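Take a look at the structure set out below.
Heads up: numbering here begins at 1 and tracks the sequence. Nothing here was measured: the structure is a model prediction, and the numbers come from that model.
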Amino acid sequence: MQAPTIGGVRLPRGNGAVVRLPRGASLTDFAEKIDASPADLVTVLFKLGEMVTATQSVDDDTLRLLGSELDFDVQVVSPEDEDRELLESFDLDFGEDAGDEGDLLARPPVVTVMGHVDHGKTKLLDAIRKTNVVAGEAGGITQHIGAYQVVAHPGADERPITFIDTPGHEAFTAMRARGAQVTDIAVLVVAADDGVKPQTIEALNHAQAAEVPIVVAVNKVDKEGADPSKVRGQLTEYGLVAEEYGGETMFVDVSAVQGTGLDDLLEAILLTADAALDLRANPSQDAQGVAIEAHLDRGRGPVATVLVQRGTLRPGDSIVAGDAYGRVRAMLDENGDPVEQALPSRPVQVLGLTSVPGAGDTFLVVSEDRIARQIAQTRQARERNAQLAKSRARRTLEDFLKSIEEGEQRELNLILKGDVSGSVEALEDALVKIEVGDDVSLRVIHRGVGAITKSDVTLASASDAVVVGFNVRPEGKVAEYAAQEGVDVRFYSVIYQAIEEVEAALRGMLKPEFEEVQLGTAEVREVFKSSKFGTIAGCLVRSGEIRRNTKARLVRDGTVVANDLGIATLRRFKDDVTEVREGFECGINLGSYQDVKVDDVIETYEMREKARS
């Protein structure tokens with residue numbers, strides 16, 4: 001059956017048929033799916049106001065627009081679905097343990113150490129591992145993500161624990177967010193003599209967003225002025241209530257310098273793991289996991305630190321990590337010693353990849369080098385097409401309104417940043433108290449004091465959140481990064497304006513409304529013809545003021561004869577001017593509109609957005 005002719009082109013009618021396309025697909029890809037000519041689709045899109053070539057990557061909205069015009073239901077496949085379908089085409093499956101329940105064996109917990117800079121995270125790990133990591137760090141600040149395995153209860157009942165050391169410096173908060181995604185338990189390090197700091201809360205929010213159990217290590221209890229009970233009280237405000245106060249969070253007092261409380265901390269981690277988590281994996285299947293960090297070594301080539309989540313990784317395995325692939329040439333532990341096999345929850349450095357994978361990329365072992373190469377090359381092409389397509393914003397308040405109308409989004413996630421803690425708390429309290437019914441809800445996933453950082457944008461990107469800045473601005477190139485990630489960042493200096501806009505979004509009222517504001521009127525006294533400008537109206541300004549480049553309409557005998565005109569040129573005698581006030585004479589040219597007569601009235605106006613009530 002043929003569709004009606006569109007721009008002289010006849011195309012197949014879809015009758016609601018589903019067409020699945022990847023991100024950044026071209027019109028050629030679409031044409032192959034519906035058995036049409038790419039040139040015809042280019043013509044149709046041109047008629048719809050979009051100029052796109054046949055091989056150009058097209059954004060999701062344009063693909064859907066074209067699909068609706070041809071009566072096809074275009075479904076843009078998500079990156080996760082694309083990757084799953086890609087792996088399924090090779091009879092592979094990521095993210096699930098193979099085999100039966102009996103094949104699952106206990107695995108060590110993976111622990112992420114988080115907290116404020118200089119609160120002793122690396123020294124604490126250093127004390128646990130009996131090695132000196134800090135000595136090699138610039139300024140004593142961790143410059144990369146390291147992963148290490150230690151043993152609790154040495155002897156017959158020994159149990160290994162994997163630690164991921166996340167950087168404490170603000171510049172690496174994006175890596176800290178990734179650290180929270182691969183972990184089972186988060187250890188929040190707080191200095192007893194310094195208390196809860198902004199980065200402490202930031203780290204806490206990353207851990208809570210990842211929905212992992214938290215153990216608090218109160219460090220530096222040996223220092224003068226240390227007050228562990230104060231730390232417990234401060235964290236109570238953020239939902240971490242100590243067991244001795246009737247809560248569920250384990251607090252352990254430690255001293256990294258004196259080495260006290262370390263065994264208690266390991267015991268608390270194991271108790272939390274046993275009580276809250278079912279940590280099991282199948283060690284017999286092909287290895288799968290996550291690349292924690294990777295770099296290019298001048299002598300060894302690409303080196304990736306990977307965390308095995310299931311299966312067993314061995315030298316010689318064919319591996320694909322993100323869009324990198326290769327054969328495991330060697331595996332090294334945290335001390336640089338060779339490792340013959342890596343069981344679940346074991347972090348190792350892998351040599352032999354052809355390129356550097358991204359931090360947070362998943363990896364899996366496949367049967368042949370050929371399959372690894374095909375998967376990696378497909379991912380590279382897919383990502384390249386997605387980048388070439390027009391960027392699409394992740395979520396704005398207007399998107400939230402639209403998704404409510406479509407019955408999708410029921411929760412609006414917010415990240416609040418302000419100049420002082422009092423303002424942030426007041427704004428959060430006011431927003432949380434907004435009640436619009438049971439259908440929609442608001443959730444503040446992070447709040448903080450200071451400029452909007454890259455970490456805030458990263459968290460917003462991962463959580464489809466809107467960033468609200470109160471009397472603060474983005475630091476450095478964060479605004480550019482937010483635009484690149486498609487994160488909606490809103491700035492306010494009046495607290496009530498922020499409250500009203502968020503409430504309007506929740507109530508489904510956030511639609512811009514415009515009203516016409518009249519600027520001035522001018523009566524035409526004489527009409528002149530110019531070879532250069534065309535018709536020029538000699539006018540007297542009767543009211544208000546006439547401005548150049550504003551909208552205008554022409555009124556004759558009380559009837560509007562022409563609308564949506566523009567003041568192209570405005571003159572006083574021989575001088576070009578930007579505005580002429582009431583009582584003065586001027587010459588007005590209305591651009592291409594020439595039908596002006598004596599006694600006509602020229603009205604100028606502008607459209608202004610109405611304040612939402």
[atom2] on [Y] to [atom1] on [X], rounded to 0.5 Å:
X: Leu412; Y: Arg443; atom1: CG; atom2: CZ; value: 11.5 Å
X: Leu188; Y: Lys121; atom1: CG; atom2: NZ; value: 10.0 Å
X: Leu124; Y: Lys220; atom1: CG; atom2: NZ; value: 11.0 Å
X: Asp464; Y: Asp488; atom1: CG; atom2: CG; value: 11.5 Å
X: Gln484; Y: Lys477; atom1: CD; atom2: NZ; value: 11.0 Å
X: Gln288; Y: Leu313; atom1: CD; atom2: CG; value: 11.5 Å

Donor-acceptor pair, [X] side chain versus [Y] backbone, under 3.5 Å?
X: Arg310; Y: Asn282; answer: no
X: Ser461; Y: Val457; answer: no
X: Asn219; Y: Ala256; answer: yes
X: Thr112; Y: Thr183; answer: no
X: Ser345; Y: Pro109; answer: no
X: Gln234; Y: Val196; answer: yes
X: Asp29; Y: Ser26; answer: yes

For a 4.5 angstrom cut-off between non-hydrogen side-chain atoms, does [X] reach [Y]?
X: Pro347; Y: Leu307; result: yes
X: Phe251; Y: Leu235; result: yes
X: Leu332; Y: Val303; result: no
X: Leu343; Y: Val308; result: no
X: Asp274; Y: Arg159; result: yes
X: Tyr325; Y: Arg379; result: no
X: Ile415; Y: Ile445; result: yes
X: Gln75; Y: Asp73; result: yes

Worked check of side chain to side chain contact (heavy atoms under 4.5 Å, CB included) between Val366 and Asp286: CA-CA 7 Å; Val366 296; Asp286 289 334; over 6 Å; no
Closest approach of [X] and [Y], non-hydrogen atoms and distance?
X: Asp456; Y: Ala451; answer: OD2-O, 4.0 Å
X: Ala321; Y: Phe363; answer: CB-CB, 3.6 Å
X: Phe163; Y: Val113; answer: CD2-CG2, 3.7 Å
X: Ala191; Y: Val231; answer: O-CG2, 4.0 Å
X: Met331; Y: Pro315; answer: CE-CD, 3.7 Å
X: Val487; Y: Val467; answer: CG1-CG2, 3.9 Å

Test: Arg346 and Glu334 ion pair at under 4.0 Å: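 Counted as a salt bridge, because a side-chain N and a carboxylate O are separated by less than 4.0 Å.
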Cationic N near anionic O, under 4.0 Å, Asp253 to Arg232: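 Yes.
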Residue pair Tyr238, Asn205: steps toward the side chain to side chain contact (heavy atoms under 4.5 Å, CB included) verdict: CA-CA 9 Å; Tyr238 299 95; Asn205 287 323; 6.0 Å; no
Intermediate values then yes/no, side chain to side chain contact (heavy atoms under 4.5 Å, CB included), Gln208 and Ile214: CA-CA 8 Å; Gln208 288 179 331; Ile214 297 172; 4.0 Å; yes
What side-chain donor-acceptor pairs closer than 3.5 Å can you find for residues 257-269, not counting sequence neighbours?
from	atom 1	to	atom 2	distance (Å)
Glu267	OE1	His153	NE2	3.0

Residues Leu277, Ile185; criterion side chain to side chain contact (heavy atoms under 4.5 Å, CB included); working and verdict: CA-CA 9 Å; Leu277 303 168; Ile185 297 172; 3.8 Å; yes
Pairs touching residues 313-329 that satisfy salt bridge (charged side-chain N to carboxylate O under 4.0 Å, His left out), sequence neighbours left out: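 Salt bridge (charged side-chain N to carboxylate O under 4.0 Å, His left out) check on residues 313-329 returns Arg327-Asp369.
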Atom CD of Glu368: over 12 foreign heavy atoms under 6.0 Å: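 Yes, enclosed.
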